[in-house]
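This report concerns only the one structure given below.
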Amino acid sequence: MEMIPYGRQNINQADIDAVVHVLQSDFLTQGPVVRAFEKAVATYCVVQYGVAVNSATSALHIACLALGVGKGDIVWTTPITFVASANCALYCGATVDFVDIDPKTYNLSVDCLKEKLARAEQANTLPKVVIPVHLCGQPCDMESIHDLSQQYGFKIIEDASHAIGGRYKDEPIGNCRFSDITVFSFHPVKIITTGEGGMALTNDKQLANRMRLLRSHGITCDVAEMHPRSSEELWNYQQIALGFNYRMTDIHAALGLSQMQRLDEFVTKRHDIAKRYDQLLLELPVVTPWQYPDSYSSYHLYVIRLKLGEINKTHRQVYDAFRMAGILVNLHYIPVYCQPYYEKQGFRAGYCPEAERYYSEVISIPMYIGLSDEKQDRVLVELRNVTGA
Ligand SMILES: *Cc1c(COP(=O)(O)O)cnc(C)c1O
């Protein structure tokens with residue numbers, strides 16, 4: 001029986017040709033295609049600058065560094081995310097804390113954020129940066145989060161790893177209207193792919209320059225940025241900060257640039273799949289994803305919550321039954337602070353009750369461009385079987 005994954009890339013001949021073309025060109029990396037890809041994404045998102053890197057994890061790291069996150073600083077994010085949204089702060093020597101989720105959107109809850117900020121102000125533990133995550137591709141309530149950033153003086157990095165192609169208040173996610181920096185991921189399960197890859201977007205020229213510097217060893221070739229040296233000496237570049245090799249190659253960028261042409265088509269198709277699930281699942285003991293009216297999700301994921309009180313099985317048993325049937329459902333996500341590494345930092349079960357309730361019931365069912373109606377029907381049959389509906 002053919003396996004059905006929860007997500008996978010969609011590659012066509014044009015994508016393959018674009019990659020082959022780079023392989024036959026002069027530059028495999030640091031050539032013109034990375035710049036073209038950055039420009040294509042920035043233009044699509046209506047934002048000034050795009051800085052392509054080798055993963056969203058790298059993008060989050062240099063975004064934090066560019067905003068000055070360091071030892072003694074505090075960064076807040078949601079517990080229902082991939083670990084990279086929190087790890088980026090730890091890379092910088094900062095500490096991480098978590099804001100519980102909204103019971104309807106599963107995104108970071110603005111009410112919880114408000115309360116936590118008021119308490120943090122009293123305790124003198126306000127965050128330097130807050131990282132909202134657009135879970136499943138559905139944007140967070142960015143305008144409210146931005147208002148709070150003005151009141152409390154924190155910076156905002158949108159982790160939009162799930163969300164390229166989505167919209168918030170009828171404008172593209174990634175335009176940074178309500179944030180300092182937005183980050184995308186181009187991992188193969190995400191909306192478009194470069195194999196591995198990510199991008200940081202911003203309207204702030206200094207932040208963009210800083211991130212460009214950090215992605216390539218902290219080295220500059222720009223004479224204006226170089227430190228004065230005797231004109232007798234030859235300096236064709238200088239290292240002026242401690243950076244990394246986080247560069248994207250032209251091979252990867254070529255795939256991304258080609259995929260950008262189908263981004264809108266991909267998101268439309270994901271909406272069609274989501275609508276079909278919404279209909280098919282109506283009668284089953286599950287909660288389907290609720291959509292915030294001012295948002296257009298990119299539908300990276302389709303998560304359902306099991307009404308366990310109406311099902312004669314545990315969460316674990318439902319998950320295992322799907323997998324046994326060749327349907328590779330997944331779990332997005334275990335609350336980050338429940339991970340053993342984070343437990344060592346002092347977090348305990350019960351810290352974010354809404355997030356833990358969500359985790360105990362949630363399953364991501366297959367959602368990707370190649371998911372045919374037949375395969376979707378197989379998911380439905382299995383869900384009926386396993387829930388006894
Ligand atoms: C995938 C993902 C990342 C990391 O992306 P990579 O490109 O694999 O580094 C970060 N945050 C979220 C929310 C993600 O889903």
Side-chain angles (χ1 to χ4, degrees), residues 5-9 34 37-38 41 50-65 75-92 96 98-99 101 105-108 129-140 142 156-166 173-174 179 181-201 211 214-215 244-249 252-253 255-256 259 270 289 297-303 330-337 339 341-342 355 358-359 362 364 367-368:
Y6 83 91
R8 68 160 289 162
Q9 70 278 10
V34 167
F37 180 44
E38 289 174 338
V41 174
V51 180
V53 286
N54 59 0
S55 71
T57 304
S58 303
L60 287 164
H61 183 193
I62 60 173
C64 283
L65 288 174
V75 172
W76 290 2
T77 189
T78 166
I80 300 299
T81 185
F82 185 55
V83 291
S85 317
N87 288 346
C88 57
L90 301 185
Y91 296 157
C92 303
V96 180
F98 299 91
V99 183
I101 62 167
T105 63
Y106 318 140
N107 279 327
L108 179 149
V129 172
V130 173
I131 307 181
V133 179
H134 306 317
L135 189 72
C136 306
Q138 167 155 239
C140 295
M142 289 309 302
I156 301 173
I157 301 170
E158 290 173 70
D159 183 345
S161 290
H162 298 181
I164 191 170
I173 293 175
S179 66
I181 298 170
T182 302
V183 167
F184 290 141
S185 170
F186 308 121
H187 182 277
V189 295
K190 308 288 164 78
I191 309 293
I192 62 165
T193 189
T194 60
E196 295 278 3
M199 198 177 291
L201 304 146
M211 291 191 288
L214 292 168
R215 83 169 156 189
F244 311 89
N245 182 351
Y246 282 171
R247 293 187 302 262
M248 178 180 277
T249 73
H252 295 85
L255 179 54
Q259 292 249 305
R270 285 174 178 277
S297 177
S298 60
Y299 269 115
H300 163 51
L301 300 171
Y302 192 92
V303 299
N330 214 308
L331 171 54
H332 299 95
Y333 292 92
I334 300 165
V336 173
Y337 64 81
Q339 296 290 350
Y341 183 81
Y342 279 84
Y358 164 88
Y359 157 54
V362 80
S364 302
M367 165 58 92
Y368 56 91

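Whatever order the structure lists them in is the order used to number ligands and atoms, beginning at 1. Bear in mind that the values here come from a model prediction, so they are computed numbers and not experimental data.
- The number of heavy-atom neighbours closer than 6.0 Å to OH of Tyr368, taken from other residues, nucleotides and ligands shown, is above 12.
- Ring planes of Tyr342 and Phe98: perpendicular class, angle over 60° (limits at 30 and 60°).
- Ligand 1 places these atoms under 4.0 Å from at least one heavy atom of Ser185: 1 (C), 5 (O), 6 (P), 7 (O).
- Residue contact check: Gly197 has heavy atoms under 4.0 Å from atoms 7 (O) of ligand 1.
- Listed by number with element, the atoms of ligand 1 under 4.0 angstrom from any heavy atom of Tyr333 are 15 (O).
- Residue contacts with ligand 1 include Ser85, since one of its heavy atoms falls under 4.0 Å from the ligand.
- Taking the six-membered ring where tryptophan is involved, the planes of Tyr302 and Tyr299 are essentially parallel, since the angle between them stays under 30° and well short of 60°.
- Protein heavy atom closest to atom 15 (O) of ligand 1, with residue, atom name and distance, is His162 NE2, 2.7 Å.
- When each of Val133, Leu135, Ile181 is tested with Asp159 by the rule side-chain contact (heavy atoms from CB on, under 4.5 Å), just one qualifies, namely Val133.
- On a distance-only criterion, Thr81 and ligand 1 share no N/O pair closer than 3.5 Å.
- Between Ser161 and Lys190, some side-chain heavy-atom pair lies under the 4.5 Å cut-off.
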Full working for ring pair (Phe, Tyr, Trp, His ring centres under 6.0 Å) between Phe244 and Tyr91: CA-CA 12 Å; Phe244 311 89; Tyr91 296 157; 8.8 Å; no

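- Minimum heavy-atom separation, Cys92 to Cys88: SG-O, 3.3 Å.
- Under the side-chain contact (heavy atoms from CB on, under 4.5 Å) criterion, Leu214 pairs with Ile62, Leu65, Arg210, sequence neighbours left out.
- Protein heavy atom in closest approach to atom 11 (N) of ligand 1: Asp159 OD2, 2.8 Å.
- Considering both main-chain and side-chain atoms, Ala56 comes within under 3.5 Å of ligand 1 through a nitrogen or oxygen pair.
- Between Glu196 and ligand 1, a contact under 3.5 Å exists for no N or O pair.
- Residue Lys190 holds the heavy atom nearest to atom 14 (C) of ligand 1 of all those in His332, Lys190, His187.
- Here the protein heavy atom with the shortest distance to atom 10 (C) of ligand 1 is Ser161 OG, 3.4 Å.
- Residue Arg8 qualifies as open at atom CZ: its count of foreign heavy atoms under 6.0 Å is 12 or below.
- Between Phe184 and ligand 1 there is no heavy-atom distance shorter than 4.0 Å.
- Of all atoms in ligand 1, listed by their number and element, those nearer than 4.0 Å to a heavy atom of Val133 are 13 (C).
- In this structure, Ser58 falls outside the shell of residues with a heavy atom less than 4.0 angstrom from ligand 1.
- A donor-acceptor contact under 3.5 angstrom links the side chains of Ser179 and Glu158, judged on distance only.
- What sits closest to atom 4 (C) of ligand 1 on the protein, heavy atoms only, is Thr57 OG1, 3.6 Å.
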